[in-house]
Chemist: 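Just passing along the structure, written as structure tokens.
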Amino acid sequence: MPEDSSEPLPASRNPLRLGFAVWLATGFWIGFIPFAPGTWGTLWGIPLAWGVSRLPNLWMQAAAIAAVCAAGIPICTIAARRLGGRKDPGAIVLDEIASLPITFLMLPLEPVVIIAGFLLHRFFDILKPQPARALERLPDGFGIMADDWIAGIYSNLALHLLVWWNPAGLFAW
């Protein structure tokens with residue numbers, strides 16, 4: 001089942017009463033957009049990726065990504081339980097937000113790179129090539145987050161390959 005498929009929140013469940021973890025996990029409620037919440041969440045990841053890229057060195061960037069991804073595990077666990085206990089509710093988009101900086105690690109955030117990275121991340125997140133499909137079966141927030149880490153890694157590798165190959169000069173900066 002694609003991760004973008006989500007059931008609407010029951011009318012009796014006011015999002016404001018679901019708590020801080022749900023607010024964070026849904027990307028400040030953006031995950032409640034009824035169409036393509038994962039795509040909207042990935043868009044929310046662009047400002048985070050930009051902020052991470054401004055850190056002074058690779059080690060600080062990697063540490064920031066690891067911290068956001070690690071914090072996402074308990075946040076997504078709590079949010080999934082509060083959203084009805086489904087394995088990976090479509091409204092949870094913190095996994096896309098947190099994994100997008102992986103896509104852009106060690107790459108310049110030029111417009112064409114951002115567009116290509118966004119599209120590659122969505123492609124790999126929806127396709128879920130191994131080991132992503134196996135990792136999404138892990139329990140709770142770990143399973144919610146881990147498949148998107150793989151999407152970030154695969155999209156990063158593909159972007160590096162595109163930048164290296166670059167036949168049309170699209171990535172000339």
Side-chain angles (χ1 to χ4, degrees), residues 2-6 9 13-33 36-107 109 114 117-118 120-126 128-129 131-157 159:
E3 63 87 33
D4 279 356
S5 66
S6 65
L9 191 66
R13 306 271 314 259
N14 180 343
L16 298 175
R17 293 181 174 210
L18 293 174
F20 189 65
V22 173
W23 183 69
L24 288 175
T26 60
F28 319 118
W29 307 129
I30 201 165
F32 289 117
I33 293 175
T39 299
W40 291 105
T42 305
L43 282 172
W44 251 143
I46 293 172
L48 177 61
W50 180 84
V52 167
S53 76
R54 298 295 177 247
L55 294 172
N57 61 54
L58 175 62
W59 297 109
M60 291 180 78
Q61 293 172 10
I65 291 169
V68 170
C69 288
I73 296 169
I75 291 168
C76 289
T77 298
I78 293 165
R81 290 177 184 161
R82 289 189 181 158
L83 290 171
R86 289 185 50 221
K87 171 68 176 131
D88 188 356
I92 293 179
V93 296
L94 182 58
D95 46 343
E96 283 85 9
I97 296 168
S99 64
L100 197 66
I102 298 169
T103 296
F104 297 113
L105 188 63
M106 299 188 320
L107 289 159
L109 286 181
I114 292 170
F118 172 82
L120 285 165
H121 189 280
R122 290 307 299 142
F123 173 77
F124 288 118
D125 187 25
I126 292 166
K128 297 199 185 314
R133 188 156 314 278
L135 290 175
E136 78 175 340
R137 293 186 198 111
L138 292 170
D140 298 324
F142 195 60
I144 293 170
M145 297 291 294
D147 67 304
D148 290 86
W149 300 336
I150 299 301
I153 291 168
Y154 283 162
S155 57
N156 178 274
L157 293 173
L159 265 180

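Quantities reported herein were computed from a predicted structural model and do not represent experimental measurements.
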Chemist: Could you tell me the separation between the CH2 atom of W50 and the CD1 atom of I114, rounded to the nearest 0.5 Å?
Modeler: 10.5 Å
Chemist: For a 4.5 angstrom cut-off between non-hydrogen side-chain atoms, does T103 reach L120?
Modeler: no
Chemist: Please find the pair of heavy atoms, one from T42 and one from R122, that lie closest to each other, and give the distance.
Modeler: OG1-CD, 3.2 Å
Chemist: What are the two closest heavy atoms between I144 and A80, and how far apart are they?
Modeler: CD1-CB, 4.0 Å
Chemist: Can you check whether I102's main-chain N or O pairs, donor with acceptor, with N156's side chain at less than 3.5 Å?
Modeler: yes
Chemist: Run the side chain to side chain contact (heavy atoms under 4.5 Å, CB included) check on I92 and I75 step by step: do they pass?
Modeler: CA-CA 10 Å; I92 293 179; I75 291 168; over 6 Å; no
Chemist: With side chains defined as the heavy atoms from C-beta onward, is the minimum distance between W29 and V22 less than 4.5 Å?
Modeler: yes
Chemist: ring-ring contact (aromatic ring centres under 6.0 Å, His included) with F142: which residues, sequence neighbours excluded?
Modeler: W149
Chemist: What's the spacing between T26 OG1 and L83 CG if we round to 0.5 Å?
Modeler: 7.5 Å
Chemist: Please name the pair of heavy atoms, one in P37 and one in G31, separated by the smallest distance, quoted to 0.1 Å.
Modeler: CB-O, 3.4 Å
Chemist: How many angstroms lie between atom SG of C69 and atom CD1 of I97, to the nearest 0.5 angstrom?
Modeler: 11.5 Å
Chemist: I need the minimum non-hydrogen distance between E96 and G38, along with the two atoms involved.
Modeler: CG-O, 3.6 Å
Chemist: Contact between W44 and L100 at the side-chain level, heavy atoms closer than 4.5 Å - yes or no?
Modeler: no
Chemist: Give me the atom names and distance for the closest heavy-atom approach of S155 to G117.
Modeler: CB-O, 4.5 Å
Chemist: Rounded to the nearest 0.5 Å, what's the gap from OG on S53 to CG on L107? Could you check?
Modeler: 10.5 Å
Chemist: Just jot down the ring-ring contact (aromatic ring centres under 6.0 Å, His included) partners of F104, sequence neighbours excluded, or say none.
Modeler: none
Chemist: Rounded at 0.5 Å granularity, tell me how far CE in M145 sits from CG in D88.
Modeler: 10.5 Å
Chemist: Are any non-hydrogen side-chain atoms of I65 and V52 less than 4.5 angstrom apart?
Modeler: yes
Chemist: Could you report the tightest heavy-atom contact between V93 and G27, atom names first, then the distance?
Modeler: CG2-N, 3.7 Å
Chemist: So, does T77 use its side chain to make a donor-acceptor pair with the main chain of G141 at under 3.5 Å?
Modeler: yes
Chemist: Does a side-chain heavy-atom distance below 4.5 Å link I150 with K128?
Modeler: no
Chemist: Side chain of D95, backbone of D147: donor and acceptor closer than 3.5 Å?
Modeler: no
Chemist: For the backbone of M60 and the side chain of N57, can you confirm whether one donor and one acceptor N or O come within less than 3.5 Å of each other?
Modeler: yes
Chemist: Report the distance from atom CG of D140 to atom CD1 of I78, rounding to the nearest 0.5 Å.
Modeler: 10.5 Å
